[in-house]
Amino acid sequence: MAQLTFREAISRGIAQEMRRDETVLAIGEDIGAAGGVFKGTVGLFEEFGPVRVRDTPISEQAILGAAMGAAMTGLKPIAEIMFSDFFAVCWDIVVNQIAKSRYMTNGQMTFPLVIRSGNGGGLRFGAQHSQSVENWAMMVPGLKVVVPSNALDVIGLMAAAVRDPDPVIFLEAKSLYASKMDVPEGDIVDTLGSAKVLRQGSDATLVSLGAMVPRALKAAEELAAAGIDCTVVDVRSLVPLDTATIMREVTATGRLFTVEENPRLCGWGGELSSIVAEEAFYDLDGPIVRITTPHIPLPAADALEDMAIPSVERIVATVATSMGA
Amino acid sequence: MAQLTFREAISRGIAQEMRRDETVLAIGEDIGAAGGVFKGTVGLFEEFGPVRVRDTPISEQAILGAAMGAAMTGLKPIAEIMFSDFFAVCWDIVVNQIAKSRYMTNGQMTFPLVIRSGNGGGLRFGAQHSQSVENWAMMVPGLKVVVPSNALDVIGLMAAAVRDPDPVIFLEAKSLYASKMDVPEGDIVDTLGSAKVLRQGSDATLVSLGAMVPRALKAAEELAAAGIDCTVVDVRSLVPLDTATIMREVTATGRLFTVEENPRLCGWGGELSSIVAEEAFYDLDGPIVRITTPHIPLPAADALEDMAIPSVERIVATVATSMGA
Amino acid sequence: MTTTTSPDLDLDAKLELYRMQVGLRQFEKRAYDLFLENYVKGTSHLSLGQEAIAAGFAAAMRPDDYTFATYRGHAHTLARGVPMTPVLAELMGRTNGLMAGKGGSMHLTSVEHGVMGSYAIIGAHLPIACGAAWSAQYRGTEQVAVCFFGDGSTNIGAFHEALNFAAIWKLPVVFVCENNLWMEYTRTTEITAVPNPAADRASAYGLESIIVDGNDVDAVYAVATTAIERARAGEGPSLIEALTYRHGGHSRADPGKYRPDDEVAEWLAKDPIPMYHARLLGEGATEAQLVEIELSVAAEVDRATEEAKAGPTPGADLLMKDVWADGGSAWRN
Amino acid sequence: MTTTTSPDLDLDAKLELYRMQVGLRQFEKRAYDLFLENYVKGTSHLSLGQEAIAAGFAAAMRPDDYTFATYRGHAHTLARGVPMTPVLAELMGRTNGLMAGKGGSMHLTSVEHGVMGSYAIIGAHLPIACGAAWSAQYRGTEQVAVCFFGDGSTNIGAFHEALNFAAIWKLPVVFVCENNLWMEYTRTTEITAVPNPAADRASAYGLESIIVDGNDVDAVYAVATTAIERARAGEGPSLIEALTYRHGGHSRADPGKYRPDDEVAEWLAKDPIPMYHARLLGEGATEAQLVEIELSVAAEVDRATEEAKAGPTPGADLLMKDVWADGGSAWRN
Ligand SMILES: Cc1ncc(C[n+]2csc(CCOP(=O)(O)OP(=O)(O)O)c2C)c(N)n1
Ligand SMILES: Cc1ncc(C[n+]2csc(CCOP(=O)(O)OP(=O)(O)O)c2C)c(N)n1
Ligand SMILES: [Mg+2]
Ligand SMILES: [Mg+2]
């Protein structure tokens with residue numbers, strides 16, 4: 001067991017896979033000697049050298065185009081898009097090319113690639129460097145979408161993503177980079193499409209993702225003190241989506257609350273809500289409530305940003321009110 | 001009254017506003033002498049000349065950047081993105097720049113601009129020229145999103161979009177371009193954010209958008225014959241969203257069906273479903289059911305495309321089954 | 001125009017180049033007819049008049065080299081050896097199509113033949129071609145990626161990113177601008193800051209400015225050979241501008257009326273196929289040989305048409321197939 | 001390096017240029033200190049060492065001209081006359097900030113002063129500047145847009161699209177590449193195909209290649225004046241590469257250790273401010289005059305610091321304000 005930060009887990013996860021498989025390469029801006037602007041690739045350049053860990057120009061379309069072309073010809077690239085907001089400058093390669101080409105070619109091509117990116121707010125970076133874009137990615141047929149909430153999951157899900165033959169968008173919550181946990185030595189390989197139940201309760205089910213997971217857990221503790229016993233589910237992977245686990249936990253309590261960092265409209269929670277409202281309608285004991293960032297661009301000031309993103313207090317208050325407590 | 005096609009309505013709507021206001025300009029690829037690849041700008045070049053109706057290079061970021069810079073300095077540009085799939089090559093300008101800059105500057109800037117685009121399938125153009133991207137746009141705080149379903153609405157909503165001080169994404173269903181209807185002479189100005197109830201029923205409410213509206217109406221007729229009496233709502237504008245009308249009609253029947261062309265995950269219907277499941281839960285008599293294109297890239301072959309996009313038959317069958325008929 | 005040394009091809013090889021061009025020509029004409037007859041349902045963008053570029057490059061490529069094409073990709077696909085039947089069937093949306101009807105005219109792909117896709121969003125495939133070239137470089141296979149695009153496509157951002165990227169990583173990729181003077185209905189020089197949209201940008205990436213007569217298959221073959229060998233030898237990318245003209249409209253039934261009559265006439269007079277026909281006669285081929293080629297190609301096109309028409313319409317099983325590598329489309333359990 | 005004629009500035013004007021540079025320098029130093037003291041919460045990108053470019057251009061602009069800056073935009077904002085207090089307060093996230101704390105360091109905007117925004121996604125503001133220039137052209141106002149960006153930003157697609165677009169429409173826009181040799185932690189020449197990332201691309205847009213010593217405010221002023229007047233006269237855009245160096249790291253507390261010591265030393269020796277100080281003494285200014293400027297600027301920075309610190313923290317009312325032109329954020333009725 002070693003204490004590992006979330007950011008250290010990224011490079012450990014990548015290194016684990018690069019050691020195993022020579023066709024795994026990493027590219028991105030400043031990921032080489034500099035170790036990445038979030039220090040998520042520290043040590044990789046030293047261990048694997050400049051051919052396998054390569055700095056690129058500020059050319060996000062070229063970065064992802066390169067990853068796509070390499071994947072279709074036998075490599076397994078891990079490309080970094082520094083901030084997930086920057087997906088907007090290379091969105092075509094992601095949604096129109098990578099996501100669709102296997103289907104369009106009737107399965108002639110396979111795209112075993114991972115695109116990792118720093119996602120979400122909390123660092124007071126303002127509207128163009130703080131977005132949670134998990135719903136951008138979930139919305140697009142042909143992309144898998146993984147959002148780990150802790151260092152252990154980072155390693156295991158990174159391994160699963162690299163080994164998966166399909167394109168995986170791997171979103172790293174920037175506000176979690178400094179978080180720490182004990183992680184066992186040795187290889188760690190997890191499974192895509194498996195949600196985790198982190199806490200079992202009887203009154204309501206909170207379904208959360210990424211940076212919202214620790215907040216949902218904390219809120220559940222406080223709610224328990226107030227007499228509301230919550231299940232907390234960490235979705236971990238939006239596509240594939242573990243609806244089996246989620247539905248089981250929602251029907252068990254009869255109440256669903258989503259805790260989402262993405263802005264309100266068309267979030268993953270809306271999708272989940274619609275699945276539950278269609279398939280488990282008769283098992284629900286009350287409204288489905290979504291706790292999200294409001295539908296606004298994110299403000300830079302710390303005071304404002306803290307009001308925007310769902311906080312433990314807001315989760316507690318919303319659940320308590322809705323449960324009539 | 002004159003019979004007008006949907007495509008003729010586009011240029012009539014634009015011309016109406018260009019005559020009224022000298023600061024309204026139109027730009028895009030091949031929109032000038034050629035009248036647009038979908039013939040949506042026929043006649044504008046002749047009437048307003050090459051300064052106000054201007055051809056651009058294939059540079060979508062430049063087109064929308066130009067629109068944005070012009071809007072912030074006093075003009076009211078109408079920019080064309082030929083196929084809505086191409087939003088992916090200029091998505092940054094749309095979501096990170098145009099949508100956010102008013103908020104980020106604390107209201108110093110205003111962006112009275114319209115981005116029109118041919119949207120959706122039905123023309124056998126394949127996965128990169130057939131997408132319905134209304135949910136891409138709805139998802140982004142700071143964008144208004146309008147999707148007309150007929151020629152009359154095209155004119156009125158275009159006028160409303162041009163006169164609106166905020167950025168409006170105006171999506172033109174490609175499969176409706178050839179559709180015709182009688183349209184009165186004279187100026188027509190509609191209102192953003194108002195849904196229309198096209199048919200009143202007592203058993204279920206079908207909420208539809210764009211090219212799905214005529215299909216929902218047709219389905220409602222067939223369902224009526226089978227004894228299921230449906231309300232049909234044309235959403236017309238996703239942002240602002242007329243939840244008042246929609247909620248009224250949904251609670252009146254107790255059943256909501258959405259009819260969506262966008263692929264399944266995180267569609268506008270999911271958002272609507274989540275609103276209803278939160279706010280009108282106790283007025284529902286049964287599950288909320290979404291009828292969407294499956295979560296796949298669109299195939300090119302006519303036989304396949306017809307299976308993918310919600311058809312009248314699929315709407316009828318889904319509603320009938322769900323209503324236990 | 002860059003001077004090209006007469007390529008080292010014997011008459012047989014040249015007859016092959018002739019056959020290839022005639023094949024592309026006749027195929028496209030048939031595709032057009034089938035469009036008018038409503039067999040081809042979606043859109044299609046023909047290479048009529050531009051055949052020499054596809055033929056000259058394909059002839060210079062190794063079987064395991066990579067082709068990246070655009071929506072105007074029938075010719076590039078066929079030139080790599082993909083049979084006519086699956087291409088025509090794809091245009092018609094049949095299960096015997098190259099992608100079983102799922103891709104359509106704009107996305108022809110045959111990995112088996114090195115045709116790594118046809119891309120319908122302007123610019124996208126230039127960076128993707130870089131990726132295939134990077135992969136070849138890493139794997140040490142000496143494969144080369146050849147990436148075709150139009151004059152109008154040189155003004156989009158991805159062009160710039162790809163050219164710089166290829167140059168700094170010295171990637172084995174050859175970028176080929178088929179300059180047919182027009183984007184859809186707009187003349188490219190009207191919306192481009194330089195007269196030669198590709199060649200005049202080469203220096204921005206430290207590359208040589210190369211222009212070739214794209215209607216002269218021998219010239220194309222020569223320039224292609226040089227660039228491909230350079231790439232194969234690890235000397236990095238090239239950017240080639242091939243001057244040509246499309247005989248028809250941009251797509252489907254576009255009559256191309258926006259183009260001045262004399263410009264069309266001028267270029268019809270430079271039609272690559274009669275030009276090559278005449279040259280081959282001068283170089284010792286007989287009229288009978290050439291006619292035989294034309295007839296045998298015609299028979300091939302007829303056969304392909306019948307075979308394509310006989311293909312079944314795809315069913316629901318194909319609809320939900322191959323979103324993922326496991327063959328399915330499930331996004332949930 | 002493009003030779004510049006000595007600009008027509010009298011000593012008073014030059015003293016103003018000195019004051020401006022000293023102001024930018026002292027402001028940035030204070031911003032850095034306040035970052036270390038945790039008053040500045042988010043990120044910030046300082047222009048230490050690059051002041052001559054902001055000062056020289058601002059001095060050459062008309063009050064109604066437009067500035068488009070990047071995340072490294074404090075200097076460009078202040079140089080247009082925006083007072084220090086709201087800028088510092090913005091960095092601290094206070095309601096007396098330029099945008100009440102909603103934008104932050106990377107998005108400084110003051111429409112009133114022609115500062116039409118600071119943009120934090122590489123490349124985006126080049127096309128946007130084209131739009132403002134297009135608007136000025138259409139409205140016939142003879143306003144000019146000046147758009148600043150870094151060397152690393154020349155490899156992104158939007159750069160290419162904007163340059164071509166500005167050239168073909170002859171837009172009154174001046175593109176200024178502040179070449180400080182580095183992107184974040186990567187040397188730009190390592191990932192760029194040409195030695196001068198902007199100037200070597202000018203010909204791709206039919207533009208003249210212009211390089212200026214970005215640490216010499218007189219030279220910058222001269223080149224700026226020429227380009228701006230050209231734009232104002234309807235002669236179209238210019239692309240200028242100004243050579244400079246950032247004294248500190250890329251952002252926040254980055255110590256910039258990836259840069260060789262001798263390179264840093266070489267550029268510190270070319271610091272624009274002591275250089276100009278010496279020049280002004282040679283041109284008749286007295287040490288006392290210059291010290292007075294430095295002291296009065298220091299007092300201004302102190303005052304601004306206190307005023308900024310005194311600003312209130314924004315409340316919930318601001319959070320939901322101004323998504324839309326009606327002042328609100330409602331997306332539904
Ligand atoms: C990003 C993008 N913008 C616009 C289009 C629409 N479009 C398709 S082909 C074309 C013209 C391309 O011209 P050129 O590059 O010269 O190629 P050509 O068709 O002449 O072979 C345009 C504008 C597109 N497919 N993608
Ligand atoms: C599209 C995009 N990619 C990457 C970044 C991250 N980033 C911010 S600044 C920067 C370096 C820019 O270098 P340069 O253009 O030379 O400007 P400088 O910071 O040196 O002024 C990078 C990579 C970004 N903001 N936007
Ligand atoms: Mg062309
Ligand atoms: Mg720099």
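Order of the sequence lines sets the chain letters (A, B, ...), proteins ahead of strands, with each chain counted from 1.
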Chain B interface, residue from [options] that has the most non-hydrogen pairs under 4.5 Å:
options                                : result
C:Gly104, C:Gly93, C:Pro314            : C:Pro314
C:Ala120, C:Ala316, C:Ala124           : C:Ala120
C:Gly123, C:Gly315, C:Ser105, C:Ser44  : C:Gly315
C:Asp254, C:Thr313, C:Ile121, C:Val323 : C:Ile121

Under 4.5 Å heavy-atom distance to chain B, tell me which part of C:Thr192 shows up: side chain, backbone, both or neither. neither
Bottom line for C:Arg187: the part with an atom under 4.5 Å from chain B's heavy atoms is neither
Quiz question: by atom type and distance under 3.5 Å, do the side chains of C:Asn155 and B:Ser59 form a donor-acceptor pair? no
Can you measure from [atom1] ([X]) to [atom2] ([Y]) and round to the nearest 0.5 angstrom?
X        : Y        : atom1 : atom2 : answer
C:Ile122 : B:Phe86  : CD1   : CZ    : 7.5 Å
B:Asp55  : C:Glu190 : CG    : CD    : 7.5 Å
B:Leu304 : C:Lys102 : CG    : NZ    : 7.5 Å
B:Ile58  : C:Ile156 : CD1   : CD1   : 7.0 Å

Under 3.5 Å, is there a donor-acceptor pair between the side chain of B:Asp302 and the main chain of C:Lys41? no
Minimal non-hydrogen separation, [X] against [Y], with atom names:
X        : Y        : result
B:Ala300 : C:Gly103 : CB-O, 3.3 Å
C:Tyr185 : B:Val37  : CE1-CG1, 3.7 Å
B:Phe125 : C:Met106 : O-CE, 3.3 Å
B:Ala308 : C:Leu319 : CB-CD1, 4.0 Å

Is it the case that atom [atom1] in [X] sees more than 12 heavy atoms from other parts of the structure closer than 6.0 Å?
X        : atom1 : result
B:Lys39  : NZ    : yes
B:Glu47  : CD    : yes
C:Tyr258 : OH    : yes
C:Asp317 : CG    : yes

Chain C heavy atoms under 4.5 Å from B:Leu123: which part of the residue, side chain, backbone, both or neither? backbone
Below 4.5 Å, heavy-atom pairs only: which of B:Glu29, B:Gln61, B:Gln128, B:Arg124 has the largest tally toward chain C? B:Gln128
Go through B:Val89, B:Leu298, B:Ile296, B:Asp85 and name the one with the most non-hydrogen pairs under 4.5 angstrom from chain C. B:Ile296
Less than 4.5 Å apart, side chain to side chain, heavy atoms only: is that true for C:Met320 and B:Pro294? yes
